[in-house]
Amino acid sequence: MTTSSASKVRVRFAPSPTGSLHIGGLRTALFNYFFARSRGGTFVLRIEDTDQTRFVRDAERNILSGLAWVGIRPDEGSREGGEFGPYRQSQRQALYALYAQQLIDEGHAYYAFDTLDEIDVMRERHASEGDPSPQYDAVTRGEMTNSLVLPGEEVQRRLERGDEYVIRLKADPGGRITFRDHIRGRVSFSTSGIDDQVLIKSDGMPTYHLANVIDDHDMRITHVIRGEEWLSSVPKHILLYRAFGWEPPEMAHMPLIMNPGGKGKLSKRHAAAQGLPVTVEQCRQAGYEPEAVVNFLALLGWHPGEDRELFTLDEMTELFSLDRVSGGGVQFDVRKLNWFNQQYVRGFSVDELLERAEFWLRGLHSASTVDLFKDEARQRRIASLMQPRIAFAKDLAETGGYFFEDPAAYDETAVGKRWKEDSAELLSVYADRLEAASAFDAEQAEAILRALAEERGAGAGRIIHPVRLAVSGVPGGPSLFEMMEVLGKDVCARRIRKAVEVLG
RNA sequence: GCCGCGUUCGUCUAGGGGUCCAGGACGCCGGCCUUUCACGCCGGUAACACGGGUUCAAAUCCCGUACGCGGUACCA
């Protein structure tokens with residue numbers, strides 16, 4: 001029944017609009033996207049907004065902008081439309097109702113009128129009798145209030161009267177459901193463990209399971225690639241596919257991203273406690289480059305088949321294959337993410353780096369005491385001086401803040417180590433000579449300094465280190481003389497004098 | 001509890017019967033370079049969960065145990 005030859009690959013990313021796009025969700029989207037593109041297929045975005053209690057207004061926009069940030073856009077979806085729309089489940093309610101009715105008519109589903117409390121009572125009773133996992137299923141439904149036990153007229157009466165009801169799947173035990181998962185191989189469940197899953201909730205909305213099966217079929221989805229948390233609901237879905245007489249799509253359940261330390265699924269709470277970015281928004285605010293986030297996420301559970309680790313979106317798309325995805329949960333290691341970011345920052349052209357840093361540089365502008373922003377050549381100079389020593393574009397403004405503002409303080413340990421008895425005097429003379437010099441550039445600054453050192457019979461380091469401190473406030477950084485050239489004679493002299501005054 | 005999935009250096013992983021006294025990357029440590037800090041380069045540390053099989057041979061196949069994770073909702 002697999003008419004494989006002609007069927008074009010279609011996958012979907014189906015998030016629930018309940019908050020910001022989580023990086024786990026982004027990774028799922030990415031894998032779907034890679035798979036679709038690598039097979040010349042279509043990537044669909046479907047919004048699963050069937051839980052009205054958890055709905056968050058801006059979530060859909062947040063999801064779209066998160067995807068856009070990393071450079072992927074759906075081929076079909078809630079925004080871009082497509083021939084299988086609408087792509088929001090809340091707008092497809094009529095369709096689900098129709099199919100649910102079909103299941104009832106054909107004996108695969110039934111009405112249930114029990115209240116939540118009544119179900120709880122049933123569960124407690126069975127639990128106290130030793131049933132390890134009492135559920136609403138083939139063994140308990142006989143004692144509940146539903147269209148399987150009520151006479152037909154009574155069911156009619158209740159429906160007409162407007163009683164609350166849900167529609168449940170009639171899941172019968174005694175079988176075994178086996179399916180092939182692209183990542184895990186053969187997976188098998190006994191039907192005895194499957195409950196009579198609610199398909200239509202009392203508010204008329206479908207549950208995930210019903211909507212998902214109907215939509216995947218209706219939207220001609222060929223491959224379902226999603227997180228492992230869905231693996232155990234596959235049997236329910238297969239029961240539904242069978243009831244409808246449909247061929248299930250192929251499955252691939254990805255390993256979950258775990259908290260550092262491996263304790264549970266990566267959660268916002270846990271991550272926040274450690275200051276880890278866990279939503280796309282947070283990554284962005286923390287200054288991560290989208291390329292780094294994508295690259296990092298892609299390699300969490302997937303191996304490209306070669307030792308290289310830096311890939312563009314297109315390269316990953318080309319290399320992607322589901323059977324190179326492993327099955328075990330993976331921990332979120334922010335240090336590796338940082339390394340990826342550093343790799344990208346270092347690989348940017350100077351102009352690109354400046355562009356990525358623009359947002360943070362602008363933040364400095366107002367407080368700036370050195371007007372370097374007008375001079376693009378200088379900006380480029382600073383960027384190339386700083387590029388090999390930063391991991392984030394924003395460090396141009398932060399770590400490299402001394403290029404734009406006089407140091408407000410001097411690194412204490414460095415002062416203790418480098419600021420000697422004679423520093424003040426040496427630096428004063430150096431400042432004098434700098435100001436008196438006819439020309440000022442890196443070479444000049446260095447020549448003057450070395451001449452002074454020789455004259456005093458001191459090592460150049462005796463002056464270099466205190467000057468660096470005076471000029472930047474910190475012990476590390478680019479070549480001192482290049483830095484001085486960029487800053488200019490006046491700024492250097494001013495900063496040196498200031499340090500002499502402050503540090504004595 | 002029950003059901004399912006998983007388990008190679010601290011982390012991400014390669015490997016799928018002999019080429020593995022296990023390879024790469026992050027991290028960490030050391031060295032070179034540099035009168036700073038980085039980059040870069042060189043080197044080092046560190047793993048097949050455990051127990052039984054199968055086999056001439058097992059990290060690789062089978063079984064069991066342990067541990068971890070997921071599911072067990074009118075949430076997705």
Side-chain angles (χ1 to χ4, degrees), chain A residues 14-18 48-51 53-54 89 112 114-116 119 123 127 130-136 164-168 181 183-185 187-190 192-195 197-209 211-212 226-236 253 255-256 258 260-265 296 299-310 324 326-340 342 346 385-391 399 414 418 453 459-465 467-469 472 474-480 483:
Chain A
S16 200
T18 55
E48 310 222 321
D49 55 348
T50 56
D51 186 351
T53 63
R54 293 206 305 155
Q89 292 186 327
D114 320 272
T115 65
L116 262 15
I119 294 169
R123 287 201 167 112
D131 184 341
S133 52
Q135 47 184 14
Y136 203 124
E164 282 214 338
Y165 67 88
V166 299
I167 296 177
R168 284 184 183 272
D181 183 280
I183 295 170
R184 284 146 220 288
V187 181
S188 176
F189 289 84
S190 157
S192 308
I194 303 174
D195 66 347
Q197 180 64 51
V198 169
L199 302 176
I200 299 282
K201 300 183 264 189
S202 58
D203 66 359
M205 280 290 197
T207 55
Y208 172 86
H209 307 286
N212 194 258
R226 80 246 278 192
E228 193 190 351
E229 72 262 40
W230 295 110
L231 189 60
S232 29
S233 44
V234 171
K236 283 173 188 171
H253 289 86
L256 264 19
M258 318 298 282
K263 290 286 164 218
K265 281 198 284 187
F296 169 70
L299 262 38
L300 241 38
W302 171 63
H303 192 275
E306 50 179 290
D307 279 345
R308 194 158 58 106
E309 294 201 290
L310 261 18
R324 294 210 63 93
S326 44
V330 295
Q331 290 186 41
F332 179 91
D333 182 6
V334 76
R335 289 178 307 185
K336 186 82 180 229
L337 207 209
N338 291 345
W339 176 78
F340 274 111
Q342 180 187 274
R346 228 171 48 204
L385 246 26
M386 292 303 286
Q387 191 167 28
R389 49 207 110 219
I390 58 179
T399 310
R418 304 292 197 187
R462 192 88 173 168
I463 312 180
I464 288 176
H465 297 300
V467 170
R468 170 180 295 284
L469 259 170
S472 72
V474 291
S479 155
L480 174 64
M483 195 159 81

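Every chain is numbered from 1, with letters handed out A, B, ... down the list of sequences. These numbers come from the heavy atoms of this one structure, side chains and all, not from hydrogens, waters or symmetry mates.
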Q: If we take the P atom in both B/C63 and B/U19, what is their distance in whole Å?
A: 25 Å
Q: Can you list the residues that meet the salt bridge (Lys or Arg N to Asp or Glu O under 4.0 Å) rule with A/Asp333, with sequence neighbours excluded?
A: A/Arg335
Q: Give each protein N/O atom lying under 3.5 Å from an N/O atom of nucleotides 41-43 of chain B, with the pair distance.
A:
none

Q: Take atom P in B/A49 and the same atom in B/A58, then report the distance between them in whole Å.
A: 15 Å
Q: Considering only the P atoms, how many Å lie between B/G24 and B/C42, rounded to the nearest integer?
A: 12 Å
Q: Quantified in whole Å, what is the P atom distance between nucleotide B/A46 and nucleotide B/C9?
A: 14 Å
Q: Where does the angle between the aromatic ring planes of A/Trp230 and A/His209 fall among parallel (under 30°), tilted (30 to 60°) and perpendicular (over 60°)?
A: perpendicular
Q: With the criterion being N/O to N/O and under 3.5 Å, what pairs connect the protein with nucleotides 23-25 of chain B, and how long is each?
A:
| from | atom 1 | to | atom 2 | distance (Å) |
| --- | --- | --- | --- | --- |
| B/A25 | O4' | A/Glu309 | OE1 | 3.4 |
| B/A25 | O2' | A/Glu309 | OE1 | 2.1 |
| B/A25 | O2' | A/Lys336 | NZ | 3.0 |
| B/A25 | N3 | A/Lys336 | NZ | 3.3 |

Q: Could you tell me whether the phosphate oxygens of B/A76, OP1 or OP2, come under 4.0 Å of any side-chain nitrogen or oxygen in A/Lys201?
A: yes
Q: Could you identify the nucleotide paired to B/C74, looking across every strand shown and requiring Watson-Crick or G-U wobble geometry with both distances under 3.5 Å?
A: none
Q: Using a heavy-atom cut-off of under 4.0 Å over every strand shown, decide if A/Arg168 touches base, sugar-phosphate, or nothing.
A: sugar-phosphate
Q: Under the salt bridge (Lys or Arg N to Asp or Glu O under 4.0 Å) rule, collect the residues that match up with A/Arg308, sequence neighbours excluded.
A: A/Glu306, A/Glu315
Q: Could you work out the separation of B/A59 and B/G1 based on their C1' atoms and round it to a whole Å?
A: 34 Å
Q: Begin with the C-alpha distance, continue with both residues' side-chain angles, and end with the deciding distance and a verdict on salt bridge (Lys or Arg N to Asp or Glu O under 4.0 Å) for A/Arg168 and A/Asp195.
A: CA-CA 9 Å; A/Arg168 284 184 183 272; A/Asp195 66 347; 5.4 Å; no
Q: Anything under 3.5 Å between a protein N or O and an N or O of nucleotides 5-8 of chain B, put it in a table, one pair a line.
A:
| from | atom 1 | to | atom 2 | distance (Å) |
| --- | --- | --- | --- | --- |
| B/C5 | O2' | A/Arg184 | NH1 | 2.4 |
| B/C5 | O2' | A/Glu228 | OE2 | 3.0 |

Q: For atom P, what is the distance between B/A57 and B/A14, given to the nearest Å?
A: 28 Å
Q: Using the side-chain contact (heavy atoms from CB on, under 4.5 Å) criterion, which residues pair with A/Glu309? Sequence neighbours excluded.
A: A/Leu299, A/Lys336, A/Trp339, A/Phe340
Q: If we take the C1' atom in both B/C33 and B/U60, what is their distance in whole Å?
A: 43 Å
Q: Any side-chain to backbone donor/acceptor pair from A/Ser190 onto A/Ser192? Under 3.5 Å, distance only.
A: yes
